[in-house]
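In what follows, a single structure is set out as structure tokens and then discussed.
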Amino acid sequence: STRLEDLRVKLENERLVNISYVIVNHQGTSSQRKFHLLKESVSDHITVYQQDEQQADVWTTLNGNKDDFLIYDRCGRLVYHLGLPYSFLSFQYVEESIKIAYCENKCGNCSYMRPDIDGMCKNITKKDDEKLAEIEPKPTGQHSHHHNLHRHRQHN
């Protein structure tokens, strides 16, 4: 989580701003006990969300595991879902995924795109794109995560 803080600062210094970072804490008792430690290890710029033991597990709903990174674009569409080992912050995958989600309309146009981000996006290369394409099938872009949540709820 301190690594996530470092990444946040790095991206902000590269003028990638207004990115929301959320850590979802596991439901288990041991994780709940460590919640305050987790919270203290990051700045207020990163939200730490404690799941209630009674609620449906967020990770189950999102078809993920607790160490995954889910990266959404400005329109709330899932651009990348990275699991281990790709979610280790010692690798470049998370950073590259964020930059691609930030700079490219992977899931089609989004009305929240800002014309003034082009400058800082110029140095984000297709090379990053290809590296990520090897690991992650691109989402079709038809479903925002809101739809996915409802779909899963119907299955339960």
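Only a predicted model underlies this, so the values are computations on that prediction, with no experimental measurement involved.
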Hey, any chance [X] and [Y] share a hydrophobic cluster, counting ILVMFWY side chains that come within less than 4.5 Å of each other, even indirectly?
{"X": "Val17", "Y": "Ile71", "result": "yes"}
{"X": "Leu11", "Y": "Phe91", "result": "yes"}
{"X": "Val42", "Y": "Phe88", "result": "yes"}

Given side chains that start at C-beta, do those of [X] and [Y] come closer than 4.5 Å, heavy atoms only?
{"X": "Leu89", "Y": "Leu4", "value": "yes"}
{"X": "Lys99", "Y": "Leu16", "value": "yes"}
{"X": "Trp59", "Y": "Gln27", "value": "no"}
{"X": "Leu82", "Y": "Ser97", "value": "yes"}
{"X": "Ile46", "Y": "Ile23", "value": "yes"}

Quick one: does [X]'s side chain have a donor or acceptor within less than 3.5 Å of a partner on [Y]'s backbone?
{"X": "His36", "Y": "Arg33", "answer": "yes"}
{"X": "Glu5", "Y": "Ser41", "answer": "no"}
{"X": "Gln55", "Y": "Asp52", "answer": "yes"}

**OP:** Go through the steps to decide whether Ile19 and Tyr102 satisfy the test side-chain contact (heavy atoms from CB on, under 4.5 Å), and finish with yes or no.
**Re:** CA-CA 9 Å; Ile19 299 173; Tyr102 195 95; 3.7 Å; yes
**OP:** Kindly indicate, with the supporting measurements, whether the criterion side chain to side chain donor-acceptor pair (under 3.5 Å) is fulfilled by Asp57 and Gln51.
**Re:** CA-CA 7 Å; Asp57 176 46; Gln51 299 192 71; 3.0 Å; yes
Interatomic distance, [X] atom [atom1] to [Y] atom [atom2] [nearest 0.5 angstrom]:
{"X": "Glu12", "Y": "Leu7", "atom1": "CD", "atom2": "CG", "answer": "11.0 Å"}
{"X": "His81", "Y": "Asn63", "atom1": "NE2", "atom2": "CG", "answer": "8.0 Å"}
{"X": "Tyr49", "Y": "Asn25", "atom1": "OH", "atom2": "CG", "answer": "11.0 Å"}
{"X": "Ser20", "Y": "Arg8", "atom1": "OG", "atom2": "CZ", "answer": "11.5 Å"}
{"X": "Asp67", "Y": "Tyr86", "atom1": "CG", "atom2": "OH", "answer": "15.5 Å"}
{"X": "Glu53", "Y": "Ser31", "atom1": "CD", "atom2": "OG", "answer": "10.0 Å"}

**OP:** Among Val94, Ile98, Ile100, Leu70, find the residue that satisfies the side-chain contact (heavy atoms from CB on, under 4.5 Å) test when tested with Tyr80.
**Re:** Ile100
**OP:** Please identify each residue that fulfils salt bridge (Lys or Arg N to Asp or Glu O under 4.0 Å) with Lys10, with sequence neighbours left out.
**Re:** Glu14, Glu95
**OP:** List for me each residue that meets salt bridge (Lys or Arg N to Asp or Glu O under 4.0 Å) alongside Asp73, sequence neighbours excluded, and say none if there are none.
**Re:** Arg77
Original post:
For the cysteines Cys75 and Cys107, is the SG separation below 2.5 Å?
Top reply: no
